[in-house]
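Below: the structure, in structure tokens.
Here the structure is a predicted model, which is why all the values come from computation and not from measurement. In each ligand, atom 1 is the first atom listed, and ligand 1 is the first ligand listed.
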Amino acid sequence: AQTANGGGGGGTRVMIIGGDGYCGWATALHLSARGYEVCIVDNLCRRQFDLTLGLDTLTPITSIHDRVRTWGEISGRHIDLQIGDICDWEFLSQAVTSFRPDAMVHFGEQRSAPYSMIDRQRAVFTQHNNVIGNINVMFAIKELVPDCHLVKLGTMGEYGTPNIDIEEGFITINHNGRTDTLPYPKQGNSFYHLSKIHDSHNIHFATKAWKLAATDLNQGVVYGVRTEETVAHPALINRYDYDGVFGTALNRFVVQAAVGHPLTVYGKGGQTRGFLDIRDTVRCIQIAIDNPANKGEFRVFNQFTEQFSVNQLADIVTREGKKLGLTVEVTNVPNPRVEAEEHYYNAKCSKLQDLGLEPHLLQDSMIDSLLEFVVQYKDRCKMELIKPAVDWRKAGVKVNTMGA
Ligand code: NAD
Ligand code: USQ
């Protein structure tokens, strides 16, 4: 029997695009450990971004080849590895034809909002990489594996911050005496978030035109680093981004607390978002795979467990840091982004829980253990990478090398 939280994969063949990344690596191991046949596809561009911009993960990650080899040695389970770019149709079609997935989990995009706002070149790269890669994935399913379920990582940021409740994908509207259930209005706040909106529209169309089966997971901001499998051996450790380009809010605050840097609240700090623990990311993906969408169905789940404002996160990290004897200060830095800093936010997130997700909530123990974990690596932290690095208003056409 397949269950949400333990579960036998029963040999279900899952291709994980972006399987060398933060969410993808944890998911690949989670599924492999539970009897799914896993194939990782990745072109390693995320590692290249770090090399180009002089960034680095807090945790010392090993090469993808060493990761997969180590996993084979300690678990006895094989993970297939295909290194290549999904924007390259020859590569993708060969990878899909040789592996023949039952499900394709698509994490493989440029995922940083600040990166997409560095300059024209990065804005174009982000939308090209994300939108074209996703179109190739849709064609691969249609032409090569028509029964394959597409599990696509979207983002809660597709919805923006409307002054009404956020539904899961669709909203019923009464207009001039008529009623329809329509895709929820989308308002992206960066070229990255907009790329996800374009993907959602393209997938929705493909489910109608070609009867693809698709689940769009509008994921909130992920925090944490440890999962059962990634702590099983030092060579399996996951990446942990804390810099001003790829680091996300809570993960950044925890590192800042650990190294004695004031917590960088952007603007007024009333920005509210959905958040989830990386241990829930991997379970949500498993739940989506185990309960596939029907052919022709465009299914949308909001994948987060709790919502917090940036100020609330700063308060929690300050309180927990003090318990560990750390001196934690908070600073309100001028907001490098263009976004609402005080707004209504109430987003639904019941569909994954209805299918069996049991959330890990952001309790004190979580922050404690994350802080303790991060403190172990604090000597690897480069303080100069912490500052907010990209100003939305300054994105220009000149290539920005972001050099020191
Ligand atoms: P990540 O950058 O760590 O991983 C993405 C991986 O995809 C990288 O290993 C990269 O090399 C690979 N990739 C990118 N473009 C590719 C291409 N053209 N061909 C092959 N591989 C390619 O990102 P992440 O944090 O693991 O996020 C994974 C997905 O989840 C993204 O789609 C992101 O938008 C979404 N998401 C992430 C978060 C978060 O907080 N991290 C929150 C919501 C949604
Ligand atoms: N923020 C701060 N201080 C910081 C960093 C961020 O105040 O040091 C604020 C931002 O201004 C923003 C909020 O925190 O209002 C969230 O920023 P973030 O960097 O944590 O998240 P975001 O840019 O939205 O992107 C991340 C992932 C992206 C994913 C998204 C989910 O990088 O891949 O799609 O979270 S969501 O936010 O739901 O759209």
Side-chain angles (χ1 to χ4, degrees), residues 16-27 40-50 57 64 82-88 91-92 95 105-117 125-126 128-130 132-134 136-137 152-161 188-190 192-193 195-196 199 217-223 238-239 241-253 256 263-276 278 281 285 302-304 307-311 313-314 332-333 335-341 347 386-388 392:
I16 310 237
I17 303 169
D20 186 45
Y22 172 54
C23 299
W25 175 239
T27 303
I40 287 178
V41 170
D42 204 301
N43 68 348
L44 314 184
C45 67
R46 176 69 192 84
R47 293 179 186 248
Q48 188 62 40
F49 302 147
D50 278 354
T57 147
I64 184 64
Q82 303 272 353
I83 301 299
D85 186 342
I86 60 164
C87 293
D88 172 358
F91 162 74
L92 178 65
V105 182
H106 182 12
F107 291 106
E109 300 200 329
Q110 191 301 97
R111 71 107 176 120
S112 157
Y115 186 93
S116 76
M117 301 301 294
F125 170 80
T126 300
H128 183 275
N129 184 64
N130 296 2
I132 306 306
N134 184 61
N136 280 347
V137 169
K152 168 65 170 53
L153 271 293
T155 173
M156 284 302 290
E158 293 182 41
Y159 300 120
T161 53
N189 265 329
S190 70
Y192 155 70
H193 285 103
S195 76
K196 295 292 201 184
D199 288 345
L217 296 171
N218 285 339
Q219 185 168 239
V221 188
V222 183
Y223 61 82
N238 205 346
R239 64 177 310 119
D241 301 318
Y242 65 93
D243 61 86
V245 181
F246 283 92
T248 52
L250 182 53
N251 282 352
R252 272 167 65 72
F253 287 176
Q256 292 167 355
L263 309 189
T264 54
V265 170
Y266 293 169
K268 294 186 183 137
Q271 303 95 305
T272 304
R273 301 288 184 270
F275 287 80
L276 75 163
I278 192 162
T281 291
I285 303 295
N302 290 347
Q303 183 168 314
F304 72 97
Q307 47 180 67
F308 299 102
S309 70
V310 171
N311 283 332
L313 294 179
N332 287 81
V333 300
N335 197 336
R337 306 187 183 197
V338 178
E339 61 185 357
E341 294 175 5
I386 289 180
K387 65 181 182 308
W392 265 221

Starting from [atom], find the nearest protein heavy-atom neighbour and note its residue, name and distance.
| atom | result |
| --- | --- |
| atom 44 (C) of ligand 1 | Q219 NE2, 3.3 Å |
| atom 23 (O) of ligand 1 | R111 CG, 3.2 Å |
| atom 34 (O) of ligand 1 | Y192 OH, 2.6 Å |
| atom 3 (O) of ligand 1 | Y22 N, 2.9 Å |
| atom 5 (C) of ligand 1 | F107 O, 3.7 Å |

- Message: Any heavy atom of Q219 closer to ligand 2 than 4.0 angstrom?
- Response: yes
- Please confirm whether H193 comes under 4.0 Å of ligand 2, counting heavy atoms of the residue only.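 The answer is yes, since H193 has a heavy atom less than 4.0 Å from ligand 2.
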Judged by non-hydrogen atoms, does [X] sit under 4.0 Å from ligand 1?
| X | answer |
| --- | --- |
| W25 | no |
| G157 | no |
| Q48 | no |
| G154 | yes |

- Looking at F246, does the NZ or CZ of R239 lie under 6.0 angstrom from its six-membered ring centre and within 45 degrees of the ring axis?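 Not satisfied by the 6.0 Å and 45° rule.
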Do ligand 1 and [X] have nitrogen or oxygen atoms that lie under 3.5 Å from each other?
| X | answer |
| --- | --- |
| I86 | yes |
| C87 | no |
| G21 | yes |
| R239 | no |
| R46 | yes |

Should [X] be counted as touching ligand 2, given the test is an N or O pair under 3.5 Å?
| X | answer |
| --- | --- |
| V310 | no |
| R252 | yes |
| P114 | no |
| Y192 | yes |

- Query: Where's the contact between M156 and ligand 2, heavy-atom distance under 4.0 Å: side chain, backbone, both or neither?
  - Reply: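 Both the backbone and the side chain of M156 come within reach of ligand 2.
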- Which segment of A113 sits under 4.0 Å of ligand 2 when only heavy atoms are counted: side chain
